[in-house]
S.K.: 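Below you will find the structure I want to go over with you.
Predicted model, so just to flag it, every value in this text is computed and none were measured.
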Amino acid sequence: MAFPTDENVIVGLERADDAGVYKISDDIAIIQTVDFFTPVVDDPYSFGQIAAANALSDIYAMGGIPKTAMNLVAFPVNTMDMSVLRQILEGGIDKIREAGAVLIGGHSIEDKELKYGLSVTGFIHPSRVLTKRNLNAGDMLILTKPLGTGIVNTAIKGGLASPEVIERATRLMAALNKDAAEVMQKYPVHACTDITGFGLLGHLAEMVIGSDLSVRLMANQIPMIIEAIEYARIGFVPGGAYKNRTFRQSMVEFSSSTDIFVQDILFDPQTSGGLLICVEKNSAEPLLNDLHHKGVTDAAMIGEVLSVPEEKIVVD
Ligand code: CO
Ligand code: CO
Ligand code: CO
């Protein structure tokens with residue numbers, strides 16, 4: 001398929017990334033993204049927060065600042081109380097406000113199935129756009145949120161997740177990637193994406209493909225919701241995790257010591273996951289400390305970029 005384009009498109013559909021980027025002037029480009037989905041938690045206000053944080057995240061993943069947002073709503077008017085919708089929108093508005101952006105419009109339709117999300121526009125300097133490309137040999141990888149929310153969401157639907165774990169996962173999914181994105185601006189970051197539907201290994205694969213490099217992950221350094229390993233063991237692994245594995249397993253080499261359920265978590269589709277930041281080696285430790293000081297306490301150094309041209313992901 002051929003897409004219409006022009007010389008001001010910095011990131012377009014030819015090179016699928018977290019968001020599209022279009023240059024307005026020499027100093028400013030707009031970042032545009034849209035995301036919406038069906039509820040992942042029962043509480044309407046929390047769902048609104050999570051859906052908004054998830055939509056805003058792609059602006060942060062490009063290195064930008066969110067400026068304007070528009071609501072996208074599909075609502076079963078005849079079967080659901082309007083107060084539910086009001087709480088969802090409240091959750092979204094609170095996240096937009098926290099992001100320092102404004103809500104300037106939206107669109108709603110009647111639908112059998114509830115859906116909510118945002119389209120978001122952000123600003124960035126055209127020369128500071130962070131795509132999934134540009135890994136350098138020796139770079140280090142930092143992940144800013146623990147993995148496992150897809151498995152926890154599956155366990156919630158199965159009625160097995162404990163209230164504490166639901167609370168923790170909800171807090172993680174509702175957390176903006178704002179602080180992490182602000183901190184990384186001060187460091188020589190080469191590439192960035194956010195972890196969503198393809199899971200850590202799926203999104204990392206997108207970074208590795210075409211790089212002529214490989215990546216080594218240290219499984220025991222990767223932050224995880226520890227209970228997700230238990231839930232995976234009982235079988236609460238979402239179908240998307242298996243799809244992600246089938247799609248990318250030819251690129252991944254697990255060491256024999258990597259637990260099969262830990263592997264599931266590395267493929268687990270995330271809702272509103274953290275940023276995966278690829279940073280110059282000498283700045284990795286200072287960036288990680290800075291993230292911790294700014295409250296991104298789950299951030300961890302999880303791997304490194306190798307000058308091995310096979311485009312493999314080795315998990316030790
Ligand atoms: Co993204
Ligand atoms: Co997205
Ligand atoms: Co990016």
S.K.: Starting from the C-alpha separation in whole Å, work towards a yes-or-no answer on side-chain contact (heavy atoms from CB on, under 4.5 Å) for Arg248 and Ile209.
M.R.: CA-CA 11 Å; Arg248 292 302 188 195; Ile209 287 169; 3.2 Å; yes
S.K.: Within a strict 4.5 Å, meaning less than it, do heavy atoms of the Leu143 and Pro223 side chains meet?
M.R.: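 They are in side-chain contact.
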S.K.: Which of parallel (below 30°), tilted (30 to 60°) and perpendicular (above 60°) describes Phe247 and Phe198?
M.R.: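 Rings of Phe247 and Phe198: tilted, as their planes differ by 30° to 60°.
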S.K.: What are the two closest heavy atoms between Val308 and Glu310, and how far apart are they?
M.R.: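 For Val308 and Glu310, the tightest heavy-atom pair comes out as CG1-OE1, 2.6 Å.
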S.K.: In terms of the angle between their ring planes, are Phe37 and Phe47 parallel, tilted or perpendicular, with boundaries placed at 30° and 60°?
M.R.: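 Rings of Phe37 and Phe47: tilted, as their planes differ by 30° to 60°.
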S.K.: Could you state whether Val189 and Ile65 fall into the same hydrophobic cluster, counting links through intermediate Ile, Leu, Val, Met, Phe, Trp or Tyr residues with side-chain heavy atoms under 4.5 angstrom apart?
M.R.: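 As far as the 4.5 Å side-chain criterion goes, Ile65 and Val189 are not connected within one cluster.
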S.K.: Side chains of Met224 and Val262: does their closest heavy-atom pair fall under 4.5 Å?
M.R.: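 The answer is yes; the side chains approach within 4.5 Å.
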S.K.: Report the distance from atom CG of Leu147 to atom CD1 of Ile302, rounding to the nearest 0.5 Å.
M.R.: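 Going from CG on Leu147 over to CD1 on Ile302, the span is 7.5 Å.
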S.K.: For the residue pair Lys23 and Asp26, establish whether any side-chain heavy-atom pair is separated by less than 4.5 Å.
M.R.: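 Yes. Closest side-chain heavy atoms under 4.5 Å.
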S.K.: Are any non-hydrogen side-chain atoms of Phe254 and Leu201 less than 4.5 angstrom apart?
M.R.: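 Answer yes - side chains close enough.
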S.K.: Minimum heavy-atom separation for Pro66 to Ala101, with atom names?
M.R.: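 Closest heavy-atom pair between Pro66 and Ala101: O-CB, 3.7 Å.
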S.K.: Between Asp290 (side chain) and Pro286 (backbone), is there a donor-acceptor pair under 3.5 Å?
M.R.: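 No, because the side chain of Asp290 does not come within donor-acceptor range (under 3.5 Å) of the backbone of Pro286.
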S.K.: Donor-acceptor check, side chain of Arg128 to backbone of Gln185, threshold 3.5 angstrom: yes or no?
M.R.: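 Looks like yes, one N/O pair under 3.5 Å.
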S.K.: Without swapping roles, check the side chain of Gln263 against the backbone of Thr258 for a donor-acceptor pair under 3.5 Å.
M.R.: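 Judged by distance alone, yes, a pair lies under 3.5 Å.
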S.K.: Can you tell me how far the CZ atom of Phe267 sits from the NZ atom of Lys243, to the nearest 0.5 Å?
M.R.: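 The CZ atom of Phe267 sits 14.5 Å away from the NZ atom of Lys243.
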S.K.: Looking only at heavy atoms, which two atoms of Tyr116 and Gly48 are closest? And how far apart?
M.R.: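 Closest approach of Tyr116 to Gly48: CE2-O, 3.6 Å.
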S.K.: Could you tell me whether the side chain of Phe123 reaches within less than 4.5 Å of the side chain of Ile30, counting heavy atoms only?
M.R.: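 Answer yes - side chains close enough.
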S.K.: Could you check whether any side-chain N or O of Thr149 sits under 3.5 Å from a backbone N or O of Ala169, counting only pairs where one atom can act as donor and the other as acceptor?
M.R.: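 Absent.
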S.K.: Does one side chain, of Tyr22 or Asp6, offer a donor that lies under 3.5 Å from an acceptor on the other?
M.R.: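 Short answer, yes.
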S.K.: Is the count of non-hydrogen atoms from other residues, nucleotides or ligands lying under 6.0 Å from Phe36 atom CZ greater than 12?
M.R.: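 No, the 6.0 Å shell around CZ holds no more than 12 heavy atoms from other groups.
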S.K.: What distance do Asp43 atom CG and Ile166 atom CD1 have between them, rounded to the nearest 0.5 Å?
M.R.: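 Between atom CG of Asp43 and atom CD1 of Ile166 there are 11.0 Å.
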S.K.: Does one hydrophobic cluster hold both Met218 and Leu287, with members joined at side-chain heavy-atom distances below 4.5 Å?
M.R.: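 No, it is not one cluster - the side chains of Met218 and Leu287 are not joined through contacts under 4.5 Å.
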S.K.: Start with the C-alpha distance between Asp27 and Ser25, add both sets of side-chain angles, then the distance that settles side-chain hydrogen bond (donor to acceptor under 3.5 Å, both in side chains), and finish with yes or no.
M.R.: CA-CA 5 Å; Asp27 314 312; Ser25 70; 4.5 Å; no
S.K.: Measuring only between side-chain heavy atoms, which start at C-beta, is Glu110 closer than 4.5 Å to Phe75?
M.R.: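 Not in contact.
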S.K.: Same cluster or not: are Val102 and Ile59 linked, directly or through other Ile, Leu, Val, Met, Phe, Trp or Tyr residues, by side-chain heavy atoms under 4.5 angstrom apart?
M.R.: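 No, because Val102 and Ile59 fall into different hydrophobic clusters, even though each may have its own neighbours under 4.5 Å.
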S.K.: Please indicate whether Asp42 has more than 12 foreign heavy atoms, meaning atoms of other residues, nucleotides or ligands, lying under 6.0 Å from its CG.
M.R.: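 Open: at most 12 neighbouring heavy atoms sit under 6.0 Å from CG of Asp42.
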S.K.: Which heavy atom in Met184 sits nearest to a heavy atom in Leu275, and how many Å separate them?
M.R.: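 That would be CE-CD1, 4.1 Å.
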S.K.: With distance as the sole test, does Ser255 use its side chain to make a donor-acceptor pair with the main-chain N or O of Asp316 at under 3.5 Å?
M.R.: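 Such a contact is absent between Ser255 side chain and Asp316 backbone.
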S.K.: For the side-chain contact (heavy atoms from CB on, under 4.5 Å) test, which of Asn153, Asn54, Val152 pairs with Met173?
M.R.: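 Exactly one option meets the side-chain contact (heavy atoms from CB on, under 4.5 Å) with Met173, and it is Asn153.
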S.K.: Test your reading of the model: is there a side-chain donor-acceptor pair from Ser108 to the backbone of Val73, 3.5 Å cut-off?
M.R.: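 Not confirmed, Ser108 side chain does not pair with Val73 backbone.
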S.K.: Would you find a donor on one side and an acceptor on the other, under 3.5 Å apart, between the side chain of His203 and the backbone of Thr193?
M.R.: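 Side chain of His203 to backbone of Thr193: no pair is present.
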S.K.: Given Val34 and Val120, is the side-chain contact (heavy atoms from CB on, under 4.5 Å) satisfied, shown in steps?
M.R.: CA-CA 6 Å; Val34 56; Val120 187; over 6 Å; no
S.K.: Taking the side chain as everything from C-beta on, heavy atoms only, tell me whether Cys278 gets closer than 4.5 Å to Val305.
M.R.: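 Yes, their side chains come closer than 4.5 Å.
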S.K.: I'd like to know if Arg86 and Glu90 make a salt bridge, using a cut-off of under 4.0 Å between side-chain N and carboxylate O.
M.R.: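 Not counted as a salt bridge, because no side-chain N and carboxylate O are separated by less than 4.0 Å.
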S.K.: Do any N or O atoms from the side chain of Asp17 and from the backbone of Ala19 form a donor-acceptor pair under 3.5 angstrom?
M.R.: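 A pair under 3.5 Å: no.
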S.K.: Only one of Ile88, Val84, Leu114 forms a side-chain contact (heavy atoms from CB on, under 4.5 Å) with Pro39, so which one is it?
M.R.: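 Answer to the side-chain contact (heavy atoms from CB on, under 4.5 Å) test with Pro39 among Ile88, Val84, Leu114: Leu114.
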S.K.: Determine whether Tyr231 and Ser162 make a side-chain contact, defined as any pair of heavy atoms from C-beta on separated by less than 4.5 Å.
M.R.: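 Answer yes - side chains close enough.
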S.K.: Same cluster for Ile226 and Ile234 if Ile/Leu/Val/Met/Phe/Trp/Tyr side chains link at under 4.5 Å?
M.R.: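 Yes; tracing contacts between hydrophobic side chains, which count when under 4.5 Å, links both residues.
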S.K.: Are Asp298 and Arg168 within salt-bridge range, i.e. N to O under 4.0 Å?
M.R.: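 Arg168 and Asp298: salt-bridged.
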S.K.: Could you state whether Leu135 and Leu306 fall into the same hydrophobic cluster, counting links through intermediate Ile, Leu, Val, Met, Phe, Trp or Tyr residues with side-chain heavy atoms under 4.5 angstrom apart?
M.R.: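 Different clusters.
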S.K.: Between the side chain of Glu311 and the main-chain N/O of Asp212, is any donor-acceptor distance below 3.5 Å?
M.R.: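 It does hold such a pair.
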S.K.: Name the one of Asn177, Thr33, Asp35, Asp18 that satisfies side-chain hydrogen bond (donor to acceptor under 3.5 Å, both in side chains) with Ser57?
M.R.: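 Looking at Asn177, Thr33, Asp35, Asp18, the match for Ser57 under the side-chain hydrogen bond (donor to acceptor under 3.5 Å, both in side chains) is Asn177.
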S.K.: May I have the step-by-step check of side-chain contact (heavy atoms from CB on, under 4.5 Å) for Asp268 and Val237, ending in yes or no?
M.R.: CA-CA 8 Å; Asp268 184 36; Val237 178; 5.8 Å; no
S.K.: Which atoms form the tightest heavy-atom contact between Thr154 and Gly150, and what is the distance?
M.R.: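 In this case the closest contact between Thr154 and Gly150 is OG1-O, 2.8 Å.
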S.K.: So, Lys145 side chain and Ser272 main chain: donor-acceptor pair closer than 3.5 Å or not?
M.R.: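 The answer is yes, because a donor-acceptor pair under 3.5 Å joins these two groups.
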S.K.: Got a second to check how far Leu217's CG is from Met301's CE, nearest 0.5 Å?
M.R.: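 Leu217 atom CG to Met301 atom CE measures 13.0 Å (nearest 0.5 Å).
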S.K.: Taking all heavy atoms of Gly63 and all of Leu130, pick out the closest pair and write down the distance.
M.R.: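 Scanning both residues completely, I find the closest heavy atoms to be CA-CD1, 4.1 Å.
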S.K.: Checking Asp139 against His190 for the side-chain hydrogen bond (donor to acceptor under 3.5 Å, both in side chains) test, could you report, in this order, the C-alpha distance in whole Å, the side-chain angles of both residues, the deciding distance, and whether it holds?
M.R.: CA-CA 8 Å; Asp139 285 351; His190 293 148; 2.6 Å; yes
S.K.: Please report the interatomic distance CG(Asn282) to OH(Tyr187), rounded to the nearest 0.5 Å.
M.R.: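 Asn282 CG to Tyr187 OH: 13.0 Å, rounded to 0.5 Å.
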S.K.: Rounded at 0.5 Å granularity, tell me how far OG in Ser46 sits from CZ in Arg171.
M.R.: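 Between Ser46 OG and Arg171 CZ, I get 11.5 Å after rounding to 0.5 Å.
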S.K.: Run the side-chain contact (heavy atoms from CB on, under 4.5 Å) test on Glu304 and Val215 for me, step by step, so that the C-alpha distance in whole Å, both residues' side-chain angles and the decisive distance to 0.1 Å come before the verdict.
M.R.: CA-CA 6 Å; Glu304 61 183 330; Val215 160; over 6 Å; no
